[in-house]
S.K.: 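Below is one structure. I have some questions about it.
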Amino acid sequence: MTGTPKFAVFASGSGSNFQAIHDAVKAGKVPGQAVLVVTDKPDAFVVERAKKVGIKTLAIKPSSFSSKQAYEQAVLDKLSELKVEWIILAGYMRLIGDVLLGAYPNRIINIHPSLLPSFPGKDAIGQAMEHGVKVTGVTVHYVDAGMDTGPILAQAAVEVVSGNREKTEERIHAVEHELYTKTLQQLWSR
Ligand code: GRF
């Protein structure tokens with residue numbers, strides 16, 4: 001791929017992955033251009049992060065629309081206006097529906113804190129600890145209509161710190177930041 005693809009990051013929480021991707025772009029390590037942060041949670045910390053680094057935000061609640069399609073159409077209108085080419089999900093806690101999947105075929109990427117197909121869905125770290133696995137990890141994958149089911153782009157293993165969720169989570173986040181930026185760098189340098 002040539003040029004610098006314009007992308008939007010979708011997030012519902014802290015946005016540490018958004019921050020890592022943004023920092024990597026600024027450092028010239030990822031050949032893309034972040035043009036928008038989309039959140040379904042207007043109070044999420046990611047909004048502050050985006051404002052601090054001067055990136056536009058679209059913070060609208062799905063519940064203020066009559067349907068999921070109507071919500072996604074409003075998001076799509078903004079993405080089209082800004083000529084966004086890729087959607088990067090980073091802790092966006094919603095399934096992507098037909099409207100966005102149809103508009104961005106093979107152009108939506110997600111990061112998930114487990115070695116998929118193990119522990120899909122919510123609280124993957126809690127699921128892994130509960131199960132007693134010794135090694136879990138991180139997966140970057142294309143998004144399809146399922147829950148964390150799309151084709152896998154990259155994975156990295158992370159050792160569980162036995163009985164210590166906080167430390168395990170710290171390790172996972174550090175690996176996420178590295179793996180997401182590296183994967184986007186490779187994807188957009190092809
Ligand atoms: C990450 O663990 C990501 O894998 C999951 O949600 C978390 C988001 O963290 N989907 P942050 O908001 O990027 O800090």
Side-chain angles (χ1 to χ4, degrees), residues 7-27 29-30 32 34 36-53 55 57-59 61-62 75 86-97 100-101 104 108-131 133 135-161 164-185 187:
F7 67 91
V9 176
F10 285 32
S12 306
S14 153
S16 71
N17 280 282
F18 157 71
Q19 188 77 54
I21 294 167
H22 173 267
D23 292 349
V25 166
K26 285 286 154 203
K29 292 182 193 154
V30 170
L36 182 68
V37 165
V38 174
T39 186
D40 56 331
K41 300 249 188 290
D43 297 336
F45 186 57
V46 70
V47 173
E48 280 177 46
R49 290 188 194 263
K51 286 188 174 153
K52 203 166 176 189
V53 297
I55 294 195
T57 56
L58 180 68
K61 285 188 185 165
V75 173
W86 289 82
I87 295 175
I88 305 304
L89 307 184
Y92 182 67
M93 303 304 283
R94 281 179 185 275
L95 275 180
I96 299 295
L100 289 172
L101 283 171
Y104 286 87
I108 308 178
I109 313 282
N110 183 41
I111 190 160
H112 184 77
S114 77
L115 291 174
L116 290 171
S118 291
F119 312 127
K122 283 189 183 156
D123 194 21
I125 300 172
Q127 291 184 55
M129 305 231 23
E130 178 80 8
H131 203 89
V133 297
V135 176
T136 182
V138 173
T139 302
V140 178
H141 64 97
Y142 285 107
V143 172
D144 63 13
M147 171 82 83
D148 304 319
T149 50
I152 291 170
L153 274 160
Q155 290 187 305
V158 176
E159 274 187 45
V160 170
V161 183
N164 193 330
R165 185 192 165 113
E166 205 178 314
K167 283 228 155 62
T168 304
E169 211 162 318
E170 265 173 34
R171 284 183 175 181
I172 287 180
H173 281 308
V175 171
E176 282 187 332
H177 300 161
E178 202 176 311
L179 189 71
Y180 219 172
T181 51
K182 194 171 118 195
T183 306
L184 294 178
Q185 188 266 325
L187 190 68

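Since we're looking at a predicted model, the values are computed, not measured. Remember, it's 1-based here, ligands and their atoms both numbered in the order they're listed.
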S.K.: Test of understanding: with side-chain hydrogen bond (donor to acceptor under 3.5 Å, both in side chains), list the residues that count as partners of T149, not counting sequence neighbours.
M.R.: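 Partners of T149 by the side-chain hydrogen bond (donor to acceptor under 3.5 Å, both in side chains) criterion, ordered by chain and then number, come out as D144.
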S.K.: Could you tell me the residue and atom name of the protein heavy atom closest to atom 12 (O) of ligand 1, and the distance to it rounded to 0.1 Å?
M.R.: G15 N, 2.7 Å
S.K.: Would you say ligand 1 has an N or O under 3.5 Å from any N or O of M93?
M.R.: no
S.K.: How would you list, by chain and number, every residue that makes a side-chain hydrogen bond (donor to acceptor under 3.5 Å, both in side chains) with T136, sequence neighbours excluded?
M.R.: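 By the side-chain hydrogen bond (donor to acceptor under 3.5 Å, both in side chains) rule, T136 matches no residue at all.
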S.K.: Among protein heavy atoms, which sits nearest to atom 10 (N) of ligand 1, and what does the distance come to when rounded to 0.1 Å?
M.R.: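 The protein heavy atom lying closest is I111 O, 3.2 Å.
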S.K.: Give the atom numbers and elements of ligand 1 that come within less than 4.0 Å of a heavy atom of H173.
M.R.: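 Here the atoms of ligand 1 in question are 1 (C), 2 (O), 9 (O).
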S.K.: Okay, side chain of T39, backbone of A11: is any donor-acceptor separation there less than 3.5 Å?
M.R.: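 Side chain of T39 to backbone of A11: a pair is present.
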S.K.: Between E170 and H173, does any side-chain donor sit less than 3.5 Å from a side-chain acceptor?
M.R.: no
S.K.: As a check for students: among S16, S12, G91, identify the option with a heavy atom nearest to atom 7 (C) of ligand 1.
M.R.: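 When every heavy atom of S16, S12, G91 is considered, G91 comes closest to atom 7 (C) of ligand 1.
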S.K.: How long is the span from the CZ atom in R94 to the OG atom in S12, to the nearest 0.5 Å?
M.R.: 7.0 Å
S.K.: Could you report the tightest heavy-atom contact between H131 and F119, atom names first, then the distance?
M.R.: CB-CZ, 3.7 Å
S.K.: Give the numbers and elements of all ligand 1 atoms closer than 4.0 Å to a heavy atom of E176.
M.R.: 1 (C), 2 (O), 3 (C), 4 (O)
S.K.: Give yes or no for whether the N/O distance cutoff of 3.5 Å, strictly under, is met between N17 and ligand 1.
M.R.: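 Among all N and O atoms of N17, at least one is under 3.5 Å from an N or O of ligand 1.
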